[in-house]
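Here the structure is a predicted model, which means the values were calculated and not measured. In what follows, chains carry the letters A, B, and so on, assigned in the order in which the sequence lines appear, proteins first and then strands, with residues in each chain numbered from 1.
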Amino acid sequence: MATRGGGSLRAYVFARLLLALPMLFILLTVTFLLLRVAPGDPVTATLGGRVSDARADQIRRDLGLDRPLWRQYTSYLADVSHGDFGRAITTNRPLRTTIADRFPATLELTLAAMVVAIGVGVLVGALAARFRDTPIDVGGRLLGILLYAAPIFWLGIMLQLLFSIQLGWLPTGGRIAPFHEPRSITRLYLVDSLFTANWAAFGSALRYLTLPAVTLGLVIGGIFIRLVRVNMLQTLKSDYVEAARARGIGERRVLFNHAFRNALVPVVTIIGLQFALLLSGAVLTEATFTWPGIGLSLYQFLQNRDYTAVQGLVTFYALFVVGVSLLIDIASAWVDPRIRFQ
Amino acid sequence: MTGMGMSARRQRLSRLWRSTHPTARRLLVAGAVITGLFLVMAVLAPLVAPYGEAEYRDLPQLARPSSHYWFGTTNLRYDVFSRVVFGTRLAFQVVILSTGFAMVIGVPLGLFAGYSGRRLDRVLVLLMDAMYAFPSLLLAIVAAFALSRFVGQGVPAAALSISVIYIPQYFRVVRNHTLAVREEAFVEAARAMGASRRTIVGRYVFFNVVQSVPVIFTVNAADAILTLAALGFLGYGVPIPAAEWGYDISRAIGDVANGFWWTSLFPGLFILALVTGLTLLGEGINDVVNPLLRRRGLGVGAVAPGALVVERAGTALESAGSEPILVVTEEAPVEPVAVTPSAGTSPGPAPDTALLVAELRVTYATPRGPVVAVEGASIEIKRGESLGLVGESGCGKSTLGRGILGILPPGATVTGRVVIGGVDLATLDAGERRRARGERAAMIFQEPMTRLDPLQRVEDHFVETIRAHHPETSRSEARAMAATALAAMRIPLTRARNYPHEFSGGMRQRIMIALGLVLGPAVLVADEPTTSLDVIVEAQILEILDDLRRRSDMALLLITHNLGIVAETCDRLAVMYAGQIVELGDVHTVFARPRHPYTQGLLASVISLDTEQLSSIPGSPPDLLDPPVGCRFADRCPFVMDVCWHEPPVLAGQDDGTQVACHLHPGAGS
């Protein structure tokens, strides 16, 4: 996609924004169509015979569901552009509040999982590449495949079984022990308890975070193992590695300073691309560990068949995904000037 | 498909199979076996399972695994083993249906978009891209959630929800192939001959897409099973009484809290095993079929001189277009090359000899057998002397250069003797041999653009090199040495802290030379140092090299295919053909009187000002996997005699000091 006007970062950002808008529009339209165009109305589908007809009519009017479909569509787009994701039928709370309450927990979980994933992926992937076609390599590759092949929720349950039920080391669910919440600053418990030097809260938050983060991180890490391995195999046979060997540089230095460092460059970009996978995984992880994030909300609304709530949360996910991919692209264009010219 | 086409395809596949690494083959077989077992279990589920999928005739509640109930029983008195066996059947049903749906929707859309082009194509591409960017599980959840309202839940609904994830993939593959073929000339040609354009495009796209279907299918199948389980876990999969693994696991969460591990363990293990099997199968097929992802052999050198040899061998032996195949079986190198002295080494070098190579032999292990890339090469270069090593690409000249440095890739076996500056490399231990690289002999390469680490500043390359050999040197001392070395190559000091990509090709080659010389080696091996540079820069670099050896008494081994460069820069000349040195002598003598027919051919193929004709040597070099018994040049030689086919000629000295390996000249037949 050529950006006219050359390699200025501003031009790139502008062009990239223009691309993001239609994608966002399409995602919102698809979400609306899938969830609204089905026959029958959402209130009956959600609440069934649990409320009186008069009450159902009232809710319908409150949510604007009695209006023609195209009016609902335009007001949906207008609301979303103001950051309004509608109201849940079952709780009658605005979804904006739910998202604001629960987003920090999801963020904390995904960031911690990313740390685990990168640690596992880089370590195992680099070792596998270094010892190519030895048992270490075969073991590393198999581990990568097995981690990918394990259903996240099952892995989580197995870890609960071992570390919570059998050994009793870690809690099975929740985010922190009752009444231990640190004073809110960033609303990431680990960070806040560090800032306020609240060590009891820090310990508790860490204990609750460990299993969910490890579960999600291991599954994502399986993919990173492959990525790091393949990249490292590439750099190990690069020209500059051969040239370094020809200068008599020690093998360890060749591996770490040349092969490994260069192998990490494309991995950083690809890690950003795994973000969608991380979000999907977070829904399952949060449901398994009753981790109070947006994924758990989605799970609960799904159980209650709350149409407007599911629609609101999915809309938020769509915005989030488009926004993050935009940020990743702009960040990599900022780091690597060559991208701006593409 | 004609019968011949089929057998050619089978041959191609079997060759691909043999050329794949044994580990990859084993993993592929393991994946196929696992997948096959599950498939049999799915088909024979009613025979394998002792109970029905949702049958409870007085089974105990939550019984431990035992000889009666292999995997125990559930809270609802189901037999876990029977449930997971029937779950296999359900999983395969959903996999087949969902990929089927995805193809039925994605393929026509892709054909349509690619064929019609313009605005519709753009809208569809945007739509598919948007779907592809969205988290796949969320997409399936939304679809299942919407479908549950008016279709209900069940196998078709679940399969349709999952298929939404894969539609963009099939759309993309088909659309891109359609676009590629739409404007092809042969489509026009076939249409002129009366065929309908649509039929031709359809047929072409079909055969191209069909090739990638096995890989896409297995990868999607693995993913579909995980997605189905996730949907089931969230309550939007295939509901009870059907046996679905993810749903069963979600029901077992309560059991786990009470220590009943079997109800959740076994369904998960089945998912794990089947998805692993499918992934191994998919990756294995990809490894075998997709040549781009397969290793091209050499673990170390990207320039891979051996690969060139084998590539030629491969094309000579088999049909054109076969991939270069070279699989190295040894472990990754710490010290890639073992130099072992061979029997009957020549006497020690004269005191003014900078480099002595005696009977050097380099063998690459390939899946189709060992290839001897260099066969008993012996050269000697005095201090301040330069030797040009010439030959066609693939003749083994680069392998010889790397053999001297000891930087051949793993899988290469080296025998013979290398003496640099009076020290026999075979007498050194691994650490000393490493230090010999850079201190005794340095190497510069053909492609200066990729030889410097893109993430390191130029100066850091020097500091690293100097400190790798002299750890006692401080960083500031090393930087000062770098400055001197760069200044000698006319690189401004202000640029020492720049990154490699900020320099031109000629500057980088000068940096490489400075880097090679910073430790004061006795020998410089230059492997086609100017091939990738333009003529003016080439002259510059050659002048630098010439100047260096005159002033610093360094020996230069210049590897090139350009005889003009040799005439300008070198004192002596060695001609290599098919891994052997066939003529060796003083540049002027050899140019004035080339003895070997190959040398004659090479000289004749150079355009010079006073000849108008350009001749080339007909034929191609022999297959080094199975070299000819006699002279390797025999089948291209215009003067071939009977003896040439049976007896390999040996290098023999002539009256003017030139050595030549040819039966036309005295001494070759001893």
*Asks:* Looking only at heavy atoms, what is the nearest atom pair of R451(B) and A243(A), with distance?
*Replies:*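 It is O-CB, 3.5 Å.
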*Asks:* Which bit of L226(B) is near chain A, if near means a heavy-atom gap under 4.5 Å: side chain, backbone, both or neither?
*Replies:*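 Just its side chain gets close to chain A.
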*Asks:* Relative to chain A, which segment of M449(B) carries a heavy atom at a distance below 4.5 Å: side chain, backbone, both, or neither?
*Replies:*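 Neither part.
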*Asks:* Tell me yes or no: between the side chains of E286(A) and T106(A), is some donor less than 3.5 Å from an acceptor?
*Replies:*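 Checked: E286(A)/T106(A) side chains pair up, N/O donor to acceptor below 3.5 Å.
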*Asks:* Would you call the rings of F320(A) and F316(A) parallel, tilted or perpendicular, taking 30° and 60° as the class edges?
*Replies:*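 Parallel.
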*Asks:* With only heavy atoms counted, which part of T276(B) is less than 4.5 Å from chain A, the side chain, the backbone, both or neither?
*Replies:*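 Looking at T276(B), backbone and side chain both touch chain A.
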*Asks:* Among V321(A), I165(A), I152(A), who wins on heavy-atom pairs under 4.5 Å with chain B?
*Replies:*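 Most heavy-atom pairs under 4.5 Å with chain B: I165(A).
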*Asks:* Establish, yes or no, whether the cationic atom of R226(A) lies under 6.0 Å from the six-membered ring centre of Y148(A) and within 45° of the ring axis.
*Replies:*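 Yes.
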*Asks:* Does R229(A) use its side chain to pair, donor to acceptor, with the backbone of R141(A) at less than 3.5 Å?
*Replies:*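 No.
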*Asks:* For chain A, which candidate among I225(B), L280(B), V275(B) shows the most heavy-atom pairs at distances under 4.5 Å?
*Replies:*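 Sorted descending by pairs with chain A, the first entry is V275(B).
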*Asks:* Inspect the contact between R434(B) and E251(A) and indicate whether a charged nitrogen and a carboxylate oxygen are less than 4.0 angstrom apart.
*Replies:*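 No, this pair does not count.
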*Asks:* Looking at L265(B), V525(B), L147(B), I444(B), which makes the most heavy-atom pairs under 4.5 Å with chain A?
*Replies:*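 Answer, by heavy-atom pair count under 4.5 Å with chain A: L265(B).
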*Asks:* Please state whether the side chain, the backbone, both or neither of L298(A) comes within less than 4.5 Å of a heavy atom of chain B.
*Replies:*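 Only the side chain of L298(A) comes within 4.5 Å of chain B.
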*Asks:* Can you tell me how the ring of F233(B) sits relative to the ring of Y299(A), calling it parallel under 30°, perpendicular over 60° and tilted otherwise?
*Replies:*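 Geometry flag for Y299(A) against F233(B): parallel rings.
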*Asks:* Identify which of N262(A), L284(A), L27(A), V322(A) forms the greatest number of heavy-atom pairs closer than 4.5 Å to chain B.
*Replies:*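 Max contact count across the listed options: N262(A).
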*Asks:* For M23(A), which atoms come within 4.5 Å of any heavy atom of chain B: side chain, backbone, both, or neither?
*Replies:*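 When you check distances to chain B, atoms from both the backbone and side chain of M23(A) fall under 4.5 Å.
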*Asks:* Looking at D137(A) and R132(A), does any basic side-chain N land under 4.0 Å from a carboxylate oxygen?
*Replies:*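 No, D137(A) and R132(A) are not salt-bridged.
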*Asks:* Quick one: what part of N257(A) sits under 4.5 Å from any heavy atom of chain B, side chain, backbone, both or neither?
*Replies:*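 It is both, since atoms from each part get that close.
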*Asks:* Centroid separation under 6.0 Å, is that true for the rings of W245(B) and Y247(B)?
*Replies:*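 Not close enough - the centres of the two rings lie 6.0 Å or further apart.
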*Asks:* Count the heavy-atom pairs under 4.5 Å between each of A133(B), A252(B), G235(B), S264(B) and chain A, then report the option with the highest count.
*Replies:*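 Option with the top pair count is S264(B).
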*Asks:* So which residue, L405(B), V142(B), V123(B), V518(B), ends up with the most heavy-atom pairs under 4.5 Å with chain A?
*Replies:*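 Greatest number of close heavy-atom pairs with chain A: V142(B).
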*Asks:* Heavy-atom distances under 4.5 Å only: say whether L138(B) touches chain A with side chain, backbone, both or neither.
*Replies:*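 Both parts, backbone and side chain.
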*Asks:* Which one wins on heavy-atom pair count under 4.5 Å against chain A: H469(B), M131(B), E439(B)?
*Replies:*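 Most heavy-atom pairs under 4.5 Å with chain A: H469(B).
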*Asks:* Should the pair E242(A)-K237(A) be classified as a salt bridge under the 4.0 Å nitrogen-to-oxygen rule?
*Replies:*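 Not counted as a salt bridge, because no side-chain N and carboxylate O are separated by less than 4.0 Å.
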*Asks:* Taking the six-membered ring for Trp, are Y317(A) and F134(B) ring centroids under 6.0 Å apart?
*Replies:*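 Here the rings of F134(B) and Y317(A) have centres that are no less than 6.0 Å from each other.
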*Asks:* Chain A: which of L137(B), D453(B), L519(B) shares the most heavy-atom pairs with it under 4.5 Å?
*Replies:*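 With the most close heavy-atom pairs to chain A, the winner is D453(B).
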*Asks:* Identify which part of E283(B) has an atom lying under 4.5 Å from any heavy atom of chain A, answering side chain, backbone, both or neither.
*Replies:*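 The side chain, not the backbone.
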*Asks:* Please rank V314(A), V254(A), L279(A) by heavy-atom pairs under 4.5 Å with chain B and give me the top one.
*Replies:*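 When all of V314(A), V254(A), L279(A) are compared, V314(A) has the most.
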*Asks:* Does any heavy atom of chain B fall under 4.5 Å from the side chain of R305(A), the backbone, both, or neither of them?
*Replies:*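 Contact with chain B is through both the backbone and side chain of R305(A).
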*Asks:* Pick one of side chain, backbone, both or neither for L27(B), based on which atoms fall under 4.5 Å of a heavy atom in chain A.
*Replies:*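 Answer is side chain: those atoms of L27(B) sit under 4.5 Å from chain A.
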*Asks:* Measure the acute angle between the ring planes of F260(A) and F256(A), then classify it against the limits of 30° and 60° as parallel, tilted or perpendicular.
*Replies:*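 F260(A) and F256(A): perpendicular rings.
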*Asks:* List the residues meeting salt bridge (charged side-chain N to carboxylate O under 4.0 Å, His left out) with D460(B), not counting sequence neighbours, and say none if there are none.
*Replies:*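 Applying salt bridge (charged side-chain N to carboxylate O under 4.0 Å, His left out) to D460(B) gives none.
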*Asks:* Which bit of S250(B) comes within less than 4.5 Å of chain A, counting heavy atoms only: side chain, backbone, both or neither?
*Replies:*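 For S250(B), there is no contact with chain A at all, as no heavy atom is under 4.5 Å.
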*Asks:* Report which part of D223(B) has an atom under 4.5 Å of a heavy atom belonging to chain A: side chain, backbone, both, or neither.
*Replies:*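 Both backbone and side chain.
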